[in-house]
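In what follows, a single structure is set out as structure tokens and then discussed.
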Amino acid sequence: MRIIHDIGEMQAASRAARVQGLTIGFVPTMGALHEGHLSLVRHARAHASLIVVSIFVNPLQFGPSEDFARYPRTLQSDCAKLEGEGVDLVFAPSAEQMYPAGATTVVHVQELSERLDGRSRPGHFRGVSTVVAKLFHIVQPDCAVFGQKDAAQVAVLRRMVRDLNMPIEMIVAPIVREADGLALSSRNAYLSADERRQWLVLHRALQQVAALANSGETDSERLRAAALAILASEPAAQLDYFEIIDQDTLEAVADISNGALAAVAASFGKTRLIDNLLLPERQRPERRL
Ligand code: AMP
């Protein structure tokens, strides 16, 4: 496995791979890798012959009072995990190379970037779309894999790829969870044992929505009310949002019959976590002739 820090060297490696007829599958990450990230690598492998993983803690997507400085940085053990997965190339640039003095160009997916996490984290999605657009230009992948865990990010990036005609297939992989339902996240490392237990309330709220939807409830307000009641039972959870929305536009839907996304964000102590659940389109009962 080759580890590349330099942008020009990465672009040259991609060009060489293309000349050899290889297809490039790309998994962008901020490192502190866990099974969720590794599942994306496995999805990429099923779609492409050369796998590139980037590790870059992107300063542009953190707000001034967020956890950029304390975000876990574990490049060595990350590379060991990626080597175990048969990854071909790790791209780990410096912030100075990615954003040299005087860099002023950004990619901003309007409207979508101001919804969900974008509302409480101003500038976050502009930072995400800008860095992913840059990484796409550097790695030049045929396909890129993202986790459903960050559902709003998926909507923003899909729109960016469509609007800017980027010739990249977007692949979305399901959320990987611990046995008790906790969605894996690099930020779980911040949680105390108590917070970890309290955090499960998010999963319980989503499960309740799934159970009600399964038993035929389609009214979003009623589903939301049921989830909010569960979330209110955990005083340690400072709720940011619980929304039932269209997964592409991130706008509220009144009825989930055509499918919807239930998305939640809350803080526990200093740690903000997100989770979500896709509610499938309801099968309409077959009409008797
Ligand atoms: P991050 O390093 O947090 O920026 O995440 C890099 C990629 O891994 C993103 O596409 C995330 O959505 C994805 N990811 C993070 N956690 C999970 C998880 N538990 N299951 C699936 N994908 C995940």
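Note that the structure is a prediction, hence the values are computed from the model and not measured.
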Do [X] and [Y] share a hydrophobic cluster, counting only Ile, Leu, Val, Met, Phe, Trp and Tyr and linking them when any side-chain heavy atoms are less than 4.5 Å apart?
| X | Y | answer |
| --- | --- | --- |
| Val52 | Ile3 | no |
| Phe242 | Ile175 | no |
| Leu22 | Ile51 | no |
| Val90 | Val132 | no |
| Val209 | Leu278 | no |

State, with a plain yes or no, whether a side-chain heavy atom of [X] is found less than 4.5 Å away from one of [Y].
| X | Y | result |
| --- | --- | --- |
| Leu191 | Leu273 | yes |
| Met98 | Ile138 | yes |
| Gln148 | Asn276 | yes |
| Ile274 | Asp117 | yes |
| Thr29 | Ser54 | no |
| Leu239 | Val264 | yes |
| Val156 | Val128 | no |
| Pro93 | Met10 | no |

Quiz prompt | Residue from Asp78, Ile55, Val57 passing side-chain contact (heavy atoms from CB on, under 4.5 Å) with Arg73 | solution = Val57
Exercise. From the options Leu40, Val145, Val27, select the one residue that forms a side-chain contact (heavy atoms from CB on, under 4.5 Å) with Ile171.
Key: Val145
Practice problem: Given side-chain hydrogen bond (donor to acceptor under 3.5 Å, both in side chains), test His108 with Glu114 step by step and report yes or no. | Solution: CA-CA 10 Å; His108 183 199; Glu114 275 68 59; 3.2 Å; yes
Quiz item: Salt bridge check: are Arg45 and Asp88 linked by an N-O gap of less than 4.0 Å?
Solution: yes
Quiz item: Do the charged groups of Asp67 and Lys270 touch, with an N to O distance under 4.0 Å?
Solution: no
Exercise. Hey, can you tell me if Phe268 and Trp199 have their rings parallel, tilted or perpendicular (30° and 60° cut-offs)?
Key: tilted
Exercise. Can you label the angle between the Tyr99 ring and the Phe56 ring as parallel, tilted or perpendicular, going by 30° and 60°?
Key: tilted
Where the side chain of [X] meets the backbone of [Y], is there a donor-acceptor pair that is under 3.5 Å apart?
| X | Y | value |
| --- | --- | --- |
| His203 | Leu182 | no |
| Ser39 | Gly36 | yes |
| Ser113 | Gln110 | no |
| Glu243 | Ile245 | no |
| Asp163 | Val109 | no |
| Asp6 | Glu9 | yes |
| Asn58 | Gly127 | yes |
| Arg115 | Thr249 | yes |
| His37 | His34 | yes |
| Thr23 | Ser49 | yes |

Practice problem: Check the pair Asp194, Ser192 against side-chain hydrogen bond (donor to acceptor under 3.5 Å, both in side chains), reporting the backbone distance first and the verdict last. | Solution: CA-CA 5 Å; Asp194 266 357; Ser192 67; 5.6 Å; no
Exercise. May I have the step-by-step check of side-chain contact (heavy atoms from CB on, under 4.5 Å) for Leu60 and Val131, ending in yes or no?
Key: CA-CA 8 Å; Leu60 221 58; Val131 80; 5.9 Å; no
Hey, what do you get for [atom1] ([X]) to [atom2] ([Y]), rounding to the nearest 0.5 Å?
| X | Y | atom1 | atom2 | value |
| --- | --- | --- | --- | --- |
| His43 | Leu38 | NE2 | CG | 12.0 Å |
| Glu195 | Ser267 | CD | OG | 10.0 Å |
| Arg121 | Leu116 | CZ | CG | 12.5 Å |

Quiz item: Is there a side-chain contact (heavy atoms from CB on, under 4.5 Å) between Glu217 and Asp219 once you walk through the steps?
Solution: CA-CA 6 Å; Glu217 180 60 80; Asp219 182 80; 3.3 Å; yes
Quiz item: Do you know which of Lys149, Arg177, Arg42, Lys81 makes salt bridge (charged side-chain N to carboxylate O under 4.0 Å, His left out) with Glu35?
Solution: Arg42
For a quick test of reading the model, state the closest non-hydrogen atom pair linking [X] to [Y] and the distance between them.
| X | Y | answer |
| --- | --- | --- |
| Leu277 | Leu206 | CD2-O, 3.3 Å |
| Ile256 | Ile244 | CG2-CG2, 3.7 Å |
| Val253 | Ser220 | O-OG, 2.7 Å |
| Ala17 | Ile24 | CB-CD1, 4.2 Å |
| Thr218 | Leu223 | C-CD1, 4.5 Å |
| Leu135 | Phe91 | CD2-CE2, 3.8 Å |

Self-check item: Heavy atoms from other residues, nucleotides or ligands near CD of Glu111 exceed 12 (cutoff 6.0 Å)
Solution: no
Exercise. List the steps and the verdict of side-chain contact (heavy atoms from CB on, under 4.5 Å) for Arg158 and Phe146.
Key: CA-CA 10 Å; Arg158 274 194 161 141; Phe146 295 87; over 6 Å; no
Practice problem: Could you walk me through whether Phe136 and Val161 pass side-chain contact (heavy atoms from CB on, under 4.5 Å), step by step? | Solution: CA-CA 10 Å; Phe136 281 177; Val161 162; 3.8 Å; yes
Quiz item: Quick one: is the NZ or CZ of Arg70 closer than 6.0 Å to the six-membered ring centre of Tyr190, and within 45° of its axis?
Solution: yes
Exercise. Run the numbers on Arg196 and Asp180 for salt bridge (charged side-chain N to carboxylate O under 4.0 Å, His left out), then give the verdict.
Key: CA-CA 11 Å; Arg196 195 195 173 293; Asp180 61 7; 2.8 Å; yes
